[in-house]
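Worksheet: the structure to be examined is printed underneath.
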Amino acid sequence: MSTKTPSVYERIYVTVREIPYGKVASYGQIARMVGGCTARMVGYAMASVTPEKEVPWHRVINSQGRISPRARTSGELLQKELLEEEGIQLDAEERIDFGTYGWELAPPVGRNS
DNA sequence: AGATTGACTGCAT
DNA sequence: CATGCAGCCAATC
């Protein structure tokens, strides 16, 4: 293998790939699941991700159930399109309901109102 | 080898 | 509800 050691990044990519179709996960959730890394690492990993990784980065959103404003480009718009493609509908405020689309491993406490 | 950055998160103001 | 600040740790320059 290459001189590069897999390290945390590789783990994050693998974890993100574990996200089932039609579900979403937050950075913090993934960070906790991977362990040893923080939400920033996940975000940074996503920023460094490439189509070659085949990572469904569009299934990764922030804790607010919102698409990260990211830095440049209108990629966020693309992300919304991809999410809808997965069958995930966004709220009127472009927000995702973790209780409905959230990863089964990421239950935000079921508080039925 | 040191400084900077980065698609985050949570709490305080 | 919007804005600000601090904590996190690794990759990149």
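Proteins get letters first, then strands, A, B, ... in listed order; numbering begins at 1 in each.
Side-chain contact between A/V42 and A/Q29: absent, with no pair of heavy atoms (C-beta onward) separated by less than 4.5 Å. Contact of the A/M41 side chain with the A/Y27 side chain is not registered, since no non-hydrogen atoms from C-beta on lie closer than 4.5 Å.
In this model, a side-chain donor or acceptor of A/Y27 finds a partner on the base of B/dA7 within 3.5 Å.
Considering CD of A/E85 and OH of A/Y21, their distance stands at 6.5 Å, rounded to 0.5 Å. In this structure, CD1 in A/I88 is found 13.5 Å from NZ in A/K80, a value given to the nearest 0.5 Å.
Counting to the nearest Å, the P atom of B/dA7 and the NZ atom of A/K53 are 17 Å from each other. Look at OH on A/Y44: it is 16 Å from P on C/dC9, rounded to the nearest Å. In this structure, A/W57 places its CH2 atom 18 Å from P of B/dG6, rounding to the nearest Å. Counting to the nearest Å, the P atom of C/dC1 and the CD atom of A/Q64 are 12 Å from each other. The distance between atom CZ of A/R11 and atom C1' of C/dA10, rounded to the nearest whole Å, is 13 Å. Atoms OH (A/Y13) and P (C/dA10) sit 15 Å apart, rounded to a whole Å. Atom C1' of nucleotide B/dA7 and atom CD1 of A/I19 are separated by 14 Å, given to the nearest angstrom. Rounded to a whole Å, the CD atom of A/E10 is 16 Å from the P atom of C/dA10.
The 12-atom threshold is exceeded at CZ of A/R66, counting heavy atoms of other residues, nucleotides or ligands nearer than 6.0 Å.
Of all non-hydrogen atoms in A/V8 and A/C37, the two that sit nearest each other are CG1-CB, 3.6 Å.
Among the nucleotides B/dT9, B/dA7, C/dA11, the one closest to any side-chain atom of A/Y9 is C/dA11. You'll find that the side chain of A/M46 is closest to B/dA7, out of B/dA7, C/dA10, B/dG10. Considering only the side chain of A/M41, C/dA10 comes nearest among B/dA7, C/dA10, B/dT9. Closest to the side chain of A/S63, from the set B/dT9, B/dA7, C/dA11, is B/dT9. Side-chain proximity of A/N62 to the nucleotides B/dT9, C/dA10, B/dA7 is greatest for B/dT9. For A/S48, taking side-chain heavy atoms from C-beta onward, the closest of the listed nucleotides C/dT12, B/dG6, B/dT9 is C/dT12.
Against DNA chain B, the stretch residues 89-96 of chain A makes no heavy-atom approach under 4.0 Å.
OP1 or OP2 of C/dC9 has not a single side-chain nitrogen or oxygen of A/T38 nearer than 4.0 Å.
The backbone N or O of A/Y44 sits nowhere less than 3.5 Å from a side-chain atom of A/S48 that would complete a donor-acceptor pair.
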